[in-house]
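Start at 1 with the first residue, then count along the sequence.
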Amino acid sequence: MREPTGLRKGVEPVSVPMGMRLRAAERRAQLLGVARRLFARDGYRGASMESIAEAAGVTKPVLYQHFSSKRALYSALLANDLGRLTQELEAAFSQAEDNEERLRRGFGAYLDFVDRHEDAFRLLFTEALGLDADFQRQVTEFRRWVAARVARIIAAEAGLNPPRARALAAAIVGMAEGAVGWWLDERRPLEPRELADELAGLAWKGFARFPAESREPDVPVDPSSLA
């Protein structure tokens with residue numbers, strides 16, 4: 001079993017030597033990485049621009065050249081991490097040949113992301129939600145996107161109308177977040193793929209309660225009706 005990768009109290013972030021010259025995009029990525037670790041360790045309120053700059057091996061003016069404020073830095077970090085997770089989920093969905101595999105791959109990509117980026121997950125789905133309305137909006141938009149993708153699977157497999165499909169999709173998204181939170185708190189008692197398969201199996205078997213004649217897998221679903 002792998003050890004958790006997220007930063008813990010008392011673990012110092014990796015510094016970059018003062019004066020190291022990086023291209024603008026490289027410096028921005030490095031600053032985001034350092035900020036992610038400090039926000040995960042100290043929280044939004046506990047981490048300061050000064051401490052982030054020091055840990056990154058730059059002066060505060062250099063940090064402010066890239067991010068005008070701590071709020072702007074945190075917002076950019078959310079956008080970056082949500083964007084990465086969205087891309088990985090979309091890739092997983094697009095590689096599947098049927099809806100059952102699509103669901104399984106989706107859970108797998110989600111667990112893989114959390115396993116590799118625990119700090120990002122904790123910032124996205126715990127810290128950010130209690131901080132700022134704009135931060136909450138960014139996370140809510142991502143959740144709606146995921147729920148819409150899942151709702152399309154439900155509508156196709158169970159033949160449900162859009163409101164019912166959306167309701168079940170929201171429940172599945174909440175189930176995934178809750179299970180992952182438990183998984184991290186319990187120090188990963190299952191391998192990521194094992195938990196992903198269990199969650200996908202639970203969700204998929206839930207569709208079995210709908211009679212086969214109600215399913216319309218060959219009828220295209222208008223994505224806008226599920227958004």
Side-chain angles (χ1 to χ4, degrees), residues 2-89 109-146 173 176-178 180-188 192:
R2 294 174 52 181
E3 286 298 315
T5 57
L7 194 65
R8 296 291 181 262
K9 292 287 185 180
V11 178
E12 290 300 319
V14 177
S15 299
V16 174
M18 186 71 75
M20 175 179 284
R21 298 183 65 84
L22 297 175
R23 295 180 179 178
E26 295 172 333
R27 177 63 74 187
R28 180 182 174 87
Q30 181 242 345
L31 293 173
L32 287 173
V34 171
R36 183 184 297 107
R37 293 194 292 272
L38 264 69
F39 282 133
R41 188 189 69 179
D42 300 333
Y44 178 80
R45 295 179 177 84
S48 67
M49 293 292 273
E50 182 176 6
S51 65
I52 293 169
E54 181 179 359
V58 301
T59 62
K60 284 177 64 177
V62 169
L63 178 58
Y64 278 108
Q65 285 176 5
H66 292 271
F67 306 101
S68 60
S69 65
K70 184 168 73 170
R71 185 177 184 279
L73 171 56
Y74 198 91
S75 182
L77 185 57
L78 285 182
N80 179 272
D81 289 348
L82 287 170
R84 286 192 301 167
L85 180 52
T86 298
Q87 289 178 351
E88 292 185 18
L89 286 171
Y110 183 54
L111 264 294
D112 285 345
F113 179 89
V114 175
D115 189 44
R116 288 180 287 113
H117 307 293
E118 180 181 340
D119 289 346
F121 173 81
R122 292 193 180 278
L123 291 177
L124 294 174
F125 298 109
T126 56
E127 180 79 8
L129 297 181
L131 289 174
D132 179 279
D134 184 59
F135 299 159
Q136 294 172 16
R137 178 190 56 77
Q138 289 177 262
V139 176
T140 297
E141 288 180 354
F142 167 78
R143 284 173 167 163
R144 286 175 177 167
W145 175 81
V146 177
V173 172
E177 288 185 21
V180 168
W182 166 86
W183 182 67
L184 293 176
D185 290 342
E186 294 292 320
R187 300 180 64 83
R188 295 170 165 82

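Here the closest non-hydrogen pair linking Val58 and Leu31 is CG2-CD2, 4.0 Å. Residues Val139 and Leu124 share a closest heavy-atom pair of CG2-O, 3.2 Å. Taking all atoms of both residues into account, the shortest heavy-atom contact from Ser69 to Tyr64 is CA-CE2, 4.2 Å. Nearest heavy-atom pair across Tyr74 and Leu123 is OH-O, 3.5 Å. Contact detail for Leu38 and Ala55: the closest heavy-atom pair is CD1-CB, 4.1 Å. For Phe67 against Ala72, the heavy-atom pair with the smallest separation is CD2-O, 4.3 Å.
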Would His66 and Leu32 count as a side-chain contact (heavy atoms from CB on, under 4.5 Å) here? Give the steps. CA-CA 10 Å; His66 292 271; Leu32 287 173; over 6 Å; no
Exercise. Apply side-chain contact (heavy atoms from CB on, under 4.5 Å) to the pair Ser48 and Lys70, showing each step before the final yes or no.
Key: CA-CA 7 Å; Ser48 67; Lys70 184 168 73 170; 5.7 Å; no
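Salt-bridge annotation for Arg116 and Glu88: present, with a side-chain N of the basic residue lying under 4.0 Å from a carboxylate O of the acidic one. In summary, Arg188 and Asp115 engage in a salt bridge, as defined by a charged side-chain N under 4.0 Å from a carboxylate O. The pair Asp132-Arg137 fails the salt-bridge criterion, with no side-chain N (NZ, NE, NH1 or NH2) lying under 4.0 Å from an Asp/Glu carboxylate O.
Annotation for Gln65: atom CD counts as buried by contact number, over 12 foreign heavy atoms lying within 6.0 Å.
Each salt bridge (charged side-chain N to carboxylate O under 4.0 Å, His left out) pair with one or both residues in residues 58-67, not counting sequence neighbours, would appear here, but there are none.
Side-chain contact between Thr86 and Val146 is absent, with no heavy-atom pair separated by less than 4.5 Å. Considering only heavy atoms from C-beta on, Arg41 stays 4.5 Å or farther from Asp119 through its side chain. By the 4.5 Å heavy-atom criterion applied to side chains, Phe121 and Asp81 are not counted as neighbours. At a threshold of 4.5 Å between non-hydrogen side-chain atoms, the residues Trp183 and Leu111 count as touching. Proximity of Phe125 to Val114: side-chain heavy atoms (C-beta onward) are nowhere separated by under 4.5 Å.
Between the Glu118 side chain and the Leu184 main chain, no donor and acceptor come within less than 3.5 Å of each other. Between the side chain of Thr140 and the main chain of Gln136, a donor-acceptor pair closer than 3.5 Å is present.
Once rounded to the nearest 0.5 Å, the distance linking CZ of Arg37 with CD1 of Ile52 reads 11.0 Å. The CZ atom of Arg36 lies 10.0 Å from the CG atom of Leu78; values are rounded to the nearest 0.5 Å.
A donor atom on one side chain and an acceptor atom on the other are not found under 3.5 Å apart for Gln87 and Arg84.
Between Tyr44 and Phe135, the ring planes are perpendicular. Angles over 60° get that label, and only those under 30° would be called parallel.
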